[in-house]
Amino acid sequence: MIDLKRLSEPEYRSGMQRKGASADLIGQVAALNDQRHSAQLELERLRAESNTVSKAIGKASPEERPAKIEAAAVVKTALASAEQSYGALADELKALALQLPVPAHESVPDGGEDEGTVVATVGGTPDAPPMDHADFGRHLGWVDTELGADVSGSRFAYLFGGAVQLEFALVQWALAKLMAREFIPVVPPVLVREQMMIDAGFFPTDEHQVYGIGSDDLYLVGTAEAPLAGVHRGQRLTAEDLPFRYCGFSSCFRREAGTYGKDTRGIFRVHQFDKVEMFIWSNPETSWDEHELLLEIEREILDELELPYQVVNIAAGDLGGAAAKKYDCEVWLPSEGAYREVTSCSNYLDYSARRLDTRIKGESGSVFAHTLNGTAIPVARMLVFLMEHYQQADGTFTVPEVLRPFCGGIESIAPRK
RNA sequence: GGAGAGGUGGCCGAGCCAGGUUGAAGGCGCUUCCCUGCUAAGGAAGUAACGGGGCAACUCGUUCGGGGGUUCGAAUCCCCCCCUCUCCGCCA
């Protein structure tokens with residue numbers, strides 16, 4: 001939810017327009033907000049009157065009461081209609097205001113998809129190995145998508161042997177790295193209520209991407225971001241305690257609706273995968289520093305895994321409603337001859353906290369916290385990149401050096417027999 | 001899954017059965033001041049959040065788990081939902 005009070009600020013409006021919000025809609029929301037405000041004045045005036053009248057009845061003598069009660073009933077009728085019109089206005093305003101995105105930050109480039117700015121490039125663009133990740137995964141006996149399809153359907157896979165070893169090595173390595181940066185590790189629930197999905201900003205916009213457990217009114221999260229957003233929901237935080245940095249490990253479930261025929265090979269895009277996600281609650285003044293910290297960590301992970309990548313400052317038109325700025329880290333995928341997204345990090349400013357009602361107590365009143373999130377390790381996809389970059393000519397897999405301590409020291413893994 | 005108890009301000013805890021100066025007693029904590037020759041004890045005052053109006057003093061509204069309802073009036077009565085605790089059952 002945007003800050004309606006700032007709707008009159010030109011920079012606020014232009015930041016939204018750069019993300020594709022129409023000036024028309026913005027003006028409509030502003031006008032509706034003014035209407036709502038005058039309706040509020042009228043409503044509160046009537047409520048005050050009604051309260052006064054009712055209190056007087058309590059003090060009145062028994063003989064006086066019948067007449068006073070009758071008079072109060074008249075006020076009640078007027079109040080009811082004022083309440084109805086205010087409620088209608090407020091609902092309409094809310095529905096429209098929810099369509100407005102948080103304004104893009106000034107450092108975000110204009111444009112839409114594919115118009116982001118590459119802000120860093122590390123490593124080269126090596127040629128494709130003999131086998132692409134899908135074939136190599138099968139060759140190693142690590143990934144079985146046929147079995148996954150048989151048991152659960154397309155876009156499901158079994159991981160065996162070395163893939164599992166690598167998964168836990170990646171996770172442990174990342175958690176150690178993050179804990180050293182004062183992130184608190186979390187294993188959150190992966191089934192959450194509808195209200196949590198709404199508050200975290202996934203509903204209604206992404207509802208079609210989410211699996212629902214209809215029998216219990218619960219939803220499988222697509223990312224740990226959803227339950228992590230709930231950690232401080234409705235709380236009043238103390239400025240000195242911030243930032244709170246969390247890293248959640250969870251399975252993630254995505255319906256991947258509308259992606260038929262896209263990324264069908266291997267486990268690049270699957271319905272279920274595990275992920276380590278970073279989430280930060282920050283003071284408003286320092287959230288941009290925290291955003292850079294998230295990027296720094298994501299880059300460090302790729303640097304140490306020695307994967308070639310580029311960092312993209314996503315263009316305004318390609319940002320989601322909640323993000324004021326987003327970096328994507330894209331690793332070179334040799335078999336496709338292209339950079340593909342592996343991690344990303346966003347600063348939501350107060351957009352999400354407003355809905356979550358997480359505030360920071362201050363001297364005069366309180367302010368909304370800022371929230372940020374970023375991917376640390378998307379396991380399945382990371383395995384895809386590793387299987388291409390660490391594939392050897394003899395059909396073996398070389399374990400990335402930083403992961404060896406977490407793999408019992410082995411340097412190489414041969415195909416499973 | 002069965003049975004019962006309960007959710008009140010930063011915390012504890014009255015009020016609910018008999019609806020009306022109760023936004024809510026009392027206590028703890030916290031803040032300021034007083035006293036005290038010493039980080040104790042005692043005394044006084046203050047101390048919810050959110051939204052609106054006002055330069056301000058201040059004032060109006062909303063909030064007693066959440067949502068509906070009854071009523072002139074609901075923390076108090078009715079309905080639905082959520083959560084916590086206890087006992088039994090089941091179980092990794």
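Chain naming here is simple, since letters A, B, ... match the order of the sequence lines and numbering starts at 1 in each.
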Using Watson-Crick or G-U wobble geometry with both distances under 3.5 Å, which nucleotide pairs with [N]?
N: B/rG61; result: B/rC50
N: B/rU86; result: B/rA3
N: B/rU39; result: none
N: B/rC16; result: none
N: B/rC28; result: B/rG10
N: B/rU76; result: none

Return the value, rounded to whole Å, for the distance between atom [atom1] of [X] and atom [atom2] of [N].
X: A/Asp217; N: B/rC80; atom1: CG; atom2: P; value: 17 Å
X: A/Lys59; N: B/rC72; atom1: NZ; atom2: C1'; value: 15 Å
X: A/Arg65; N: B/rG73; atom1: CZ; atom2: C1'; value: 10 Å
X: A/Glu194; N: B/rG67; atom1: CD; atom2: C1'; value: 14 Å
X: A/Gln40; N: B/rG52; atom1: CD; atom2: C1'; value: 5 Å
X: A/Phe368; N: B/rA49; atom1: CZ; atom2: C1'; value: 12 Å
X: A/Leu93; N: B/rG52; atom1: CG; atom2: C1'; value: 15 Å
X: A/Gln195; N: B/rC83; atom1: CD; atom2: P; value: 13 Å

Considering non-hydrogen atoms only, spot the tightest contact between A/Pro109 and A/Ile314 and give its length.
CD-O, 3.8 Å

Closest non-hydrogen contact found for A/Ala369 with A/Ile360 is CA-CD1, 3.7 Å

Check whether NZ of the Lys or CZ of the Arg A/Arg245 lies under 6.0 Å from the centre of the six-membered ring of A/Phe279 and within 45 degrees of that ring's axis.
no

Check whether any side-chain heavy atom of A/Gln35 sits under 4.5 Å from a side-chain heavy atom of A/Glu92, and report yes or no.
no

Is any side-chain nitrogen or oxygen of A/His37 closer than 4.0 Å to OP1 or OP2 of B/rG53?
yes

Side-chain N or O of A/Ser366 closer than 4.0 Å to phosphate OP1/OP2 of B/rA49:
no

Please determine, by modelled atom types, if A/Thr375 and A/Lys275 share a side-chain donor-acceptor pair under 3.5 angstrom.
no

When you check the side-chain N and O atoms of A/Ser335 and A/Arg265, is any donor under 3.5 Å from an acceptor?
no

Ion pair present between A/Glu256 and A/Arg269, side-chain N to carboxylate O less than 4.0 angstrom?
yes

When you match A/Ser50 and A/Gly58 each to their closest nucleotide on RNA chain B, which lands nearer the 5' end?
A/Gly58

On RNA chain B, more 5' by nearest nucleotide between A/Arg359 and A/Lys76 is A/Arg359

Measuring only the [atom1] atom in each nucleotide, how far is [N] from [M]? A whole number of Å is fine.
N: B/rG46; M: B/rG54; atom1: C1'; answer: 24 Å
N: B/rG69; M: B/rA74; atom1: C1'; answer: 11 Å
N: B/rC85; M: B/rG13; atom1: P; answer: 15 Å
N: B/rG9; M: B/rC80; atom1: C1'; answer: 27 Å
N: B/rU36; M: B/rU31; atom1: P; answer: 22 Å
N: B/rC64; M: B/rG7; atom1: P; answer: 14 Å
N: B/rA44; M: B/rC28; atom1: P; answer: 12 Å
N: B/rC60; M: B/rA45; atom1: P; answer: 25 Å

Using nucleotides 59-62 of chain B, report all nitrogen or oxygen pairs with the protein that are shorter than 3.5 Å.
unit_1 : atom_1 : unit_2  : atom_2 : d
B/rG61 : OP1    : A/Asn51 : ND2    : 3.1
B/rG61 : O2'    : A/Arg47 : NH1    : 3.4
B/rU62 : OP2    : A/Asn51 : ND2    : 3.3

Going through the distances and angles, do A/Glu298 and A/Tyr309 end up as a side chain to side chain donor-acceptor pair (under 3.5 Å)?
CA-CA 11 Å; A/Glu298 291 180 354; A/Tyr309 67 94; over 6 Å; no

Taking only residues two or more places apart in sequence or in another chain, which ones pass salt bridge (charged side-chain N to carboxylate O under 4.0 Å, His left out) with A/Arg18?
A/Asp110

Just compare B/rC72, B/rA49, B/rC82 and give me whichever is closest to any side-chain atom of A/Arg193.
B/rC82

NA contact type, A/Leu43, heavy-atom cut-off 4.0 Å: base, sugar-phosphate, or nothing?
nothing

